[in-house]
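To start, the structure itself, in structure tokens.
Any value given below was found using the heavy atoms of this structure, including those in side chains, with hydrogens, waters and symmetry copies removed. Quick note: residue numbers are just sequence positions, from 1. None of these values were measured; they are calculated from a predicted model.
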Amino acid sequence: MLVLAALLLTAFGAAAVFGLAAHRLTGSDSAPVAACLALAAVGCVIAWHRPGNPMGWILAGAGGLQALSAASGSYSVLDYRLHHGTLPLGPVAVLIQPAWAATFTLLGLGILLFPDGRLPSVRWRLMLWPYLGLAALYLGGAVLIAAGDIATHDIRLDSGGTLLVFDNPSQHGAAWWGDVQGTFLIVLAVCWLSWLARQVIGYRHTGGERRLQLKWLLGGGAICVVFGVGGFLLSISTTNPVLAGIGSVAGQAAILALPLSIGLGILKFRLYDIDRIISRTVSYTMLTGLLVAVYAGLVLLATRVLPISSSVAVAGATLAVAALFNQVRHRLQRSVDRRFNRARYDADQEVAAFAGRLSGATDLAAIRDDLATVVQRALEPTCVSVWISTHG
């Protein structure tokens, strides 16, 4: 395990150093590096605590291979585009660069084998073996083409360190590679969607801890997709640098949600908090969108319809949104809890009903029994005891 961690740190360190040296480590490049670092870190933690679960090794391998691919791509740019092939081990970097395909192959396996690393049934092997075989064919073909370019000293790279033959195989005499690449990507997409659908169906038909683990996976995936796509669209659709920066940061942070949710689901850490997290995420997302819409509507109404200066309109809209915040948040949170955090909602209803009964109760024994019943329903403890002081 320590050897694996040392290799991963070396790969990420090399990716950072070579990326800076090749002038490629910009803000947009840091997002996939951060995601792969999180993936590798989560994989190492799972492998440390659950060494018998293949998921840890799969995630660590996926993150490490992507870091290795990024490091080799940067080194290839550094060697062949900036130093004209005079650096050592340049051909080795060209051969390693297509390792990104293995990363996506392992991520697909992670979707299928989540959370315990076992195949759900024997029939899934009918899809698994062609998937692995085509991935091996893709990687083998990439290494073969790269070796041919190295042997003929015809190494031409794009700005990312990828051989140009991989970008346009038909224009470089490798039409067969284009067919393999197209088939591989289609099979990759079909398998990912099928395995994700299998997890969704499993979520609907399971209960207990397994359902909560799948809820972590699906919740993290939903956050990754929604906020990642939303942040990306915001960053490219606005000319405001502040909004573009917010969108870029939100998109990059959302990518980290998936590996973290996978790790929490497998390790069963704070497993029962998932309903609260989903509820808060949904409610605050809706609250933010609603208040932004109200703010924009008030500003437009004041400046375009009413003869009010822009500074006064902005101040008034800000005060109105601040006054609405708590009221809207409480109402929205209750509505969302009713749907996404039902246990919390039911517990609140139990406590409110008990408080109503308590106001007119006089029998101490009845109050004691009612309190024990409410605690049992709301919190579901293993045992309940009520102690009442008789002092004085």
Within the side chain of Asn53, is there an N or O that forms a donor-acceptor pair under 3.5 Å with the backbone of Pro115? yes
Measuring from Thr103:OG1 to Leu68:CG, what's the distance to the nearest 0.5 Å? 9.0 Å
Heavy-atom closest pair, residues Thr86 and Asp79: N-OD1, 3.1 Å
Does Trp57 reach the main-chain N or O of Pro51 with its side chain, forming a donor-acceptor pair under 3.5 Å? yes
Quick check for you: to the nearest 0.5 Å, what is the distance between Ser69 atom OG and Gln97 atom CD? 4.5 Å
Rounded distance (nearest 0.5 Å) linking atom CG of Leu65 with atom CD1 of Ile96: 10.0 Å
Atom CD of Gln213 and atom CD1 of Ile262: how far apart are they, to the nearest 0.5 Å? 12.0 Å
For Arg331, does the CZ atom have more than 12 heavy-atom neighbours from other residues, nucleotides or ligands under 6.0 Å away? no
State whether the side chain of Arg118 and the backbone N or O of Leu113 hold a donor-acceptor pair below 3.5 Å, judged by distance alone. no
If we ignore hydrogens and angles and just use 3.5 Å, is the side chain of Ser74 paired with the main-chain N or O of Ala71 as donor and acceptor? no
Angle class for the Tyr138/Trp100 ring planes (parallel below 30°, perpendicular above 60°, tilted otherwise)? perpendicular
Got a second to check how far Ile150's CD1 is from Ile145's CD1, nearest 0.5 Å? 12.0 Å
Gap between atom CG of Leu214 and atom CD1 of Ile201 - 0.5 Å precision: 12.0 Å
Result of checking Trp124, Trp192, Trp195 against Tyr131 for ring pair (Phe, Tyr, Trp, His ring centres under 6.0 Å): Trp195
Would you say CE of Met286 has more than 12 non-hydrogen atoms from neighbouring residues, nucleotides or ligands within 6.0 angstrom? no
Taking the side chain as everything from C-beta on, heavy atoms only, tell me whether Arg210 gets closer than 4.5 Å to Asp116. yes
